[in-house]
Amino acid sequence: MPELPEVEVVRAGLAPAVTGAQIVGVTVHDERALTRHTGGAAEFEAALTGRSVRAAVRRGKFLWLPLEPTAAGAAPAREALIGHLGMSGQLLLRAPGAAPERHERVRIDLHHPVHGELCVVFADQRTFGSLAVDRLVPTSDDAPGGYGWGEASVPAQVAHIARDPLDPAFSDRAFRAALGRKDTAIKRVLLDQTTVSGVGNIYADEALWAARIHPGTPARALSARAAGRLLAEVRAVLEKALAEGGTSFDEQYVNVNGEAGYFAHSLNVYGRQGRACPRCGTPIVREAFMNRSSHRCPRCQRVRAGVRR
DNA sequence: AAACCCACCTGATCGC
DNA sequence: TGCGATCAGGTGGGTT
């Protein structure tokens with residue numbers, strides 16, 4: 001469920017707490033939380049115990065904690081602990097020995113040289129999220145791999161994820177060129193994380209509404225002007241949502257302290273079917289799209305809006 | 001090769 | 001009260 005703003009809230013909360021801390025204990029309660037990890041629970045625990053965390057980094061909806069190399073004698077592989085929250089994952093900062101969270105899957109105990117003991121709990125109702133230890137590989141463009149760390153590396157399994165639109169190394173020109181080659185609906189391109197990352201169902205609908213583009217518009221039919229407008233609106237909605245702490249409909253999405261964000265109050269179309277479009281008053285419609293839903297204004301976002309002929 | 005579908009899960013809600 | 005259908009913020013593997 002979390003999209004870029006929610007994941008960034010988590011990264012920003014984790015960073016000051018875990019940077020420089022050493023992992024002193026790992027408990028896997030449910031192996032389904034390791035679907036992105038190649039080994040089993042015991043191997044995961046062993047791979048992390050004793051390692052120190054160097055940073056908290058994010059690209060799109062993926063988070064990772066780069067780790068100090070293992071002690072002398074072991075293979076000097078550069079590795080990171082990856083986290084993906086899936087639809088319902090949470091990373092929570094708790095006091096050592098804190099009572100188990102609902103849906104707690106993994107607990108990581110750390111020792112920070114300044115702040116002392118703390119624990120990071122991974123809780124996830126639907127189990128689509130997961131943690132993994134993965135090796136870091138160089139980025140193909142030599143730019144930093146994500147937000148939060150200057151090193152030009154990404155976990156191997158994140159290498160296929162595109163940069164997100166808030167990344168300084170994101171290329172607007174390459175994005176517009178890529179749209180011209182896509183034989184599919186613009187909303188599919190926004191949701192597929194290999195052209196632009198970080199956008200999910202909520203912010204795709206919000207950005208398309210703001211740019212007055214129908215979600216089913218063929219990507220390559222968008223004029224350069226419409227594509228530029230869309231990208232600007234994607235950035236605007238992601239930044240505004242981030243400033244408001246993300247979108248929380250219930251207790252599912254929370255920051256590392258368990259607190260909800262406020263952006264749900266600022267939604268213009270998502271989940272507002274039947275209510276007036278804030279721009280023109282026409283009732284918002286909800287339509288089936290890719291086994292989920294799209295929300296749009298039938299007047300502001302007509303099929304041909306923004307289409308070049 | 002790009003585009004598309006669907007499985008992977010738990011839980012809340014709604015209509016009957 | 002129960003019970004089935006539907007819905008929920010994502011991703012990746014398998015199939016066309």
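Computed from heavy atoms alone, side chains included, the values below leave out hydrogens, waters and symmetry copies. Below, chains carry the letters A, B, ... as their sequence lines are ordered, and counting in each starts from 1. Given the structure is predicted, the values throughout are model-derived calculations rather than measurements.
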I'd like a table of atom pairs between the protein and nucleotides 3-5 of chain B - only N or O on both sides, under 3.5 Å - with the distance next to each one.
| unit_1 | atom_1 | unit_2 | atom_2 | d |
| --- | --- | --- | --- | --- |
| B/dA3 | OP1 | A/D183 | N | 2.6 |
| B/dC4 | OP2 | A/T184 | OG1 | 2.4 |
| B/dC5 | OP2 | A/R188 | NH2 | 2.9 |

| query | Listed by chain and number, what are the side-chain contact (heavy atoms from CB on, under 4.5 Å) partners of A/N201, not counting sequence neighbours? | reply | A/K187, A/L191, A/D205, A/Y270, A/R292

Rounding to a whole Å, what distance do you find between [X]:[atom1] and [N]:[atom2]?
X      : N      : atom1 : atom2 : result
A/M87  : C/dT11 : CE    : P     : 10 Å
A/Q252 : B/dA12 : CD    : P     : 9 Å
A/L85  : B/dC9  : CG    : P     : 19 Å
A/L34  : B/dC8  : CG    : C1'   : 16 Å
A/D164 : C/dG10 : CG    : C1'   : 16 Å
A/Y253 : B/dT10 : OH    : P     : 24 Å
A/Q273 : B/dC14 : CD    : P     : 13 Å
A/I202 : C/dC7  : CD1   : P     : 17 Å

| request: Enter the distance from A/I213:CD1 to A/L190:CG here, rounded to the nearest 0.5 Å. | output: 8.5 Å

| message | Using 0.5 Å steps for rounding, measure from the CZ atom of A/R279 to the CG atom of A/N268. | response |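 A/R279 atom CZ to A/N268 atom CG measures 8.0 Å (nearest 0.5 Å).
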
Under 4.0 Å between a Lys/Arg side-chain N and an Asp/Glu carboxylate O for [X] and [Y]?
X      : Y      : answer
A/R163 : A/D141 : yes
A/R94  : A/E101 : yes
A/E287 : A/R296 : yes
A/K240 : A/E244 : yes

Indicate, with a heavy-atom threshold strictly under 4.0 Å, whether [X] touches base, sugar-phosphate, or nothing.
X      : value
A/T35  : nothing
A/Y203 : nothing
A/R292 : base

Within the side chain of [X], is there an N or O that forms a donor-acceptor pair under 3.5 Å with the backbone of [Y]?
X      : Y      : result
A/S248 : A/Y253 : yes
A/Q90  : A/F122 : no
A/S153 : A/P138 : no

Just to confirm, is there a sub-4.0 Å distance from OP1 or OP2 of [N] to any side-chain nitrogen or oxygen of [X]?
X      : N      : answer
A/S293 : C/dA8  : yes
A/Q125 : B/dC9  : no
A/H84  : C/dT11 : yes
A/H103 : B/dG11 : yes

| By side chain to side chain donor-acceptor pair (under 3.5 Å), which residues pair with A/E68, not counting sequence neighbours? |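 Counting only residues at least two positions away or on another chain, A/E68 forms no side chain to side chain donor-acceptor pair (under 3.5 Å).
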
| Quantified in whole Å, what is the P atom distance between nucleotide C/dT6 and nucleotide B/dC6? | 15 Å

| query | C/dG9 and B/dA3: how far apart are their P atoms, nearest whole angstrom? | reply |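 Their P atoms lie roughly 23 Å apart.
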
| said: Heavy atoms from C-beta onward define the side chain here; which of C/dG10, C/dG9, B/dC9 lies closest to that of A/R126? | reply: B/dC9

| request: Could you please name the option among C/dG10, B/dC9, C/dG9 that lies closest to any side-chain atom of A/T127? | output: B/dC9

| CZ of A/R135: more than 12 outside heavy atoms within 6.0 angstrom? |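 No, the 6.0 Å shell around CZ holds no more than 12 heavy atoms from other groups.
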
| For A/R58, what residues pass the salt bridge (Lys or Arg N to Asp or Glu O under 4.0 Å) criterion, not counting sequence neighbours? |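 By the salt bridge (Lys or Arg N to Asp or Glu O under 4.0 Å) rule, A/R58 matches A/E8, A/D164.
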
| message | Just to be sure I understand: a Watson-Crick pair is purine N1 to pyrimidine N3 plus N6-O4 or O6-N4, both under 3.5 Å. Using that and G-U wobbles, which stems of three or more pairs involve DNA chain C? | response |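 DNA chain C stems, ordered by first number: B:2-8 with C:10-16, B:10-16 with C:2-8.
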
| Does B/dC9 have A/F128 stacked on its base, where the ring centres are within less than 5.5 Å and the planes differ by under 30°? |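 No, the aromatic ring of A/F128 does not stack with the base.
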
Each nucleotide N or O in nucleotides 12-16 of chain C that has a protein N or O under 3.5 Å away: list the pair and distance.
| unit_1 | atom_1 | unit_2 | atom_2 | d |
| --- | --- | --- | --- | --- |
| C/dG12 | OP2 | A/H160 | NE2 | 3.2 |

